[in-house]
Amino acid sequence: MVVDELTYFILTTLLTVVSATVLTLIRVFHGQRPCLDCWIAASYVQIAALLILLFLATPSNNSLFVVNSLFVASFLLIVAGHHNYLKRKLNRHFVSLVIVSYLILNLYSILFITDTVQRVSVFSAAIALCCFYCASLYFRYFLSNNKPALWLVIGLYIFLGTCLLLRIYFAWQQKTETPELLLAAPALLLLALFTANALQTYVFYFLMHWRQIIQLEQLANYDTTGAMRRNYFIELLEKLTRRAQFLGSEVALIFIDLDRFKLINDNYGHHNGDLALQHFAKIVSNNLRVGDIFGRFGGEEFVIALNNSNAQQAYALANRIRVQLNQQALVTSNGKIYMSASFGLACHRLEGDSAELIKQADLAMYQAKSQGGNKVMIYSAELNQQ
């Protein structure tokens, strides 16, 4: 069964108009957000491209160049929106290189390639690449946040990208001489593309509401420094230790207490004291890997759990944080604040539990503090006897 080209493009245009309307209403009721603005702009760019195709019975080379460029531009806007949503920086030089490269390739295919199959293949491959890139963005985010709901987004973009590659495959298999842009693609494949495009709007809607859920979860499980609250940290630490026991690996715990922090509050004020805590938390976060967890036990006490790390690796990390904390002063209206901290670390092997690991790291931290602070101490059994 072959789908009529005009019918397909009319339905796709109507769907895109509905999508743009829904996204615009979300913006009206939820306020301006950079990611949402990118997705709305992408929808309107797609509408412009589809209208050009609908009103031109036989598209010229110039119009095909414009249409293809508009479609690819819409997907680049979608990619930019996802970058904004995930708060990941977009390399502008790389994006500029991609845009220029595609425009050159598109212009070449329009001017020098007369075969419709090859033209559509270039276009479909570019869109598929954008889809797989979006899927990889959310997969990397999933690895660091472990939110199963993200598979809805990952799955959609993998599905859409795969459909586009199948479109290329079927086009080359049939190799028809038809000038139609659908290239007599199977109806089921076109239905899949149509459905994926429809679902994309609901994914945008889902992401906006999911962000609100995540923000509520952040308030419940994280404090103002960005570190996990004590109960949430212990819950995740227990999971890490159980996994380490099962795999026969190690978990290292670093217990940290900021030295003479009361003096910072007394000399610089509590507001600057809060900024100092956030400054310390930022230094720690910049040194952590995906899979490591960082929590606050109260006051100026913090903990780090390092997945699959031994004592030497944990010591190197703790010492790096210690040095950076000494060197990177917090600049305030009352002057610069230099900080130091005492670090105690312990490792979980096959024996013991998370509570014992915390106790051991705490003992090592107090040993470092008793020696004047600004030190890293590794737990040993002798500390229990002191």
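What you are looking at is a predicted structure, and each value in this text was computed from that prediction instead of being measured.
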Trainee: Please name all residues satisfying ring pair (Phe, Tyr, Trp, His ring centres under 6.0 Å) with Tyr338, sequence neighbours left out, ordered by chain then number.
Mentor: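 Tyr338: no ring pair (Phe, Tyr, Trp, His ring centres under 6.0 Å) contacts found.
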Trainee: I'd like to know if Asp37 pairs up with Arg33 as an ion pair, taking the criterion as any Lys NZ or Arg NE/NH1/NH2 lying under 4.0 Å from an Asp or Glu carboxylate oxygen.
Mentor: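 No, Asp37 and Arg33 are not salt-bridged.
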Trainee: Using side chain to side chain donor-acceptor pair (under 3.5 Å) as the criterion, list what pairs up with Ser340, not counting sequence neighbours.
Mentor: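 Ser340 satisfies side chain to side chain donor-acceptor pair (under 3.5 Å) with Asp259 only.
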Trainee: Suppose the criterion is side chain to side chain donor-acceptor pair (under 3.5 Å): which pairs have a residue in residues 302-315, not counting sequence neighbours?
Mentor: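 The answer is Arg289-Ser309.
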Trainee: Are Leu137 and Ile127 connected in the hydrophobic side-chain network, where two residues link if heavy atoms are under 4.5 Å apart?
Mentor: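 In one cluster with Leu137: Ile127, yes.
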Trainee: Distance only, no hydrogens: is a donor on one side chain within 3.5 Å (strictly under) of an acceptor on the other, for Gln46 and Ser74?
Mentor: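 A donor-acceptor contact under 3.5 Å links the two side chains.
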Trainee: Phe261: which residues meet the ring pair (Phe, Tyr, Trp, His ring centres under 6.0 Å) condition with it, sequence neighbours left out?
Mentor: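 For Phe261, no residue satisfies ring pair (Phe, Tyr, Trp, His ring centres under 6.0 Å) once neighbours in sequence are set aside.
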Trainee: Check side-chain contact (heavy atoms from CB on, under 4.5 Å) between Ala341 and all other residues, then give those that pass, not counting sequence neighbours.
Mentor: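 side-chain contact (heavy atoms from CB on, under 4.5 Å) list for Ala341, sorted by chain: Ile256, Leu258, Leu325, Phe343.
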Trainee: Would you mind listing every salt bridge (charged side-chain N to carboxylate O under 4.0 Å, His left out) that reaches into residues 293-316, with sequence neighbours excluded?
Mentor: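 Of all non-adjacent pairs touching residues 293-316, those that pass salt bridge (charged side-chain N to carboxylate O under 4.0 Å, His left out) are Asp223-Arg296.
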Trainee: With salt bridge (charged side-chain N to carboxylate O under 4.0 Å, His left out) as the rule and sequence neighbours excluded, what pairs involving residues 267-283 come up?
Mentor: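 Of all non-adjacent pairs touching residues 267-283, none passes salt bridge (charged side-chain N to carboxylate O under 4.0 Å, His left out).
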Trainee: In the hydrophobic clustering (ILVMFWY, side-chain contacts below 4.5 Å, transitive), which residues join Val100, or is it alone?
Mentor: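 The other cluster members (ILVMFWY side chains, heavy atoms under 4.5 Å, direct or chained) are Ile104.
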Trainee: For Asp362, what residues pass the salt bridge (Lys or Arg N to Asp or Glu O under 4.0 Å) criterion, not counting sequence neighbours?
Mentor: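 Per chain and number, Asp362 pairs via salt bridge (Lys or Arg N to Asp or Glu O under 4.0 Å) with no residue.
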Trainee: Name all residues meeting the ring pair (Phe, Tyr, Trp, His ring centres under 6.0 Å) criterion together with Phe297; count only those two or more places apart in sequence or in a different chain, and write none if there are none.
Mentor: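 Scan of Phe297 (ring pair (Phe, Tyr, Trp, His ring centres under 6.0 Å), adjacent residues dropped) gives Phe233, Phe255.
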Trainee: What pairs with His83 under side chain to side chain donor-acceptor pair (under 3.5 Å), at least two apart in sequence or on another chain?
Mentor: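 Checked His83 against side chain to side chain donor-acceptor pair (under 3.5 Å); matches are Tyr133.
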Trainee: Please confirm whether the ring centroid of His82 lies under 6.0 Å from the ring centroid of Tyr157.
Mentor: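 Yes, close enough.
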Trainee: Kindly write out the residues that satisfy ring pair (Phe, Tyr, Trp, His ring centres under 6.0 Å) with Phe302, not counting sequence neighbours, or none if the list is empty.
Mentor: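 Ring pair (Phe, Tyr, Trp, His ring centres under 6.0 Å) list for Phe302, sorted by chain: Phe280, Phe294.
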Trainee: Check whether any side-chain N or O of Asn272 sits under 3.5 Å from a backbone N or O of Tyr268 as a donor-acceptor pair, and report yes or no.
Mentor: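 Here the side-chain-to-backbone pair exists.
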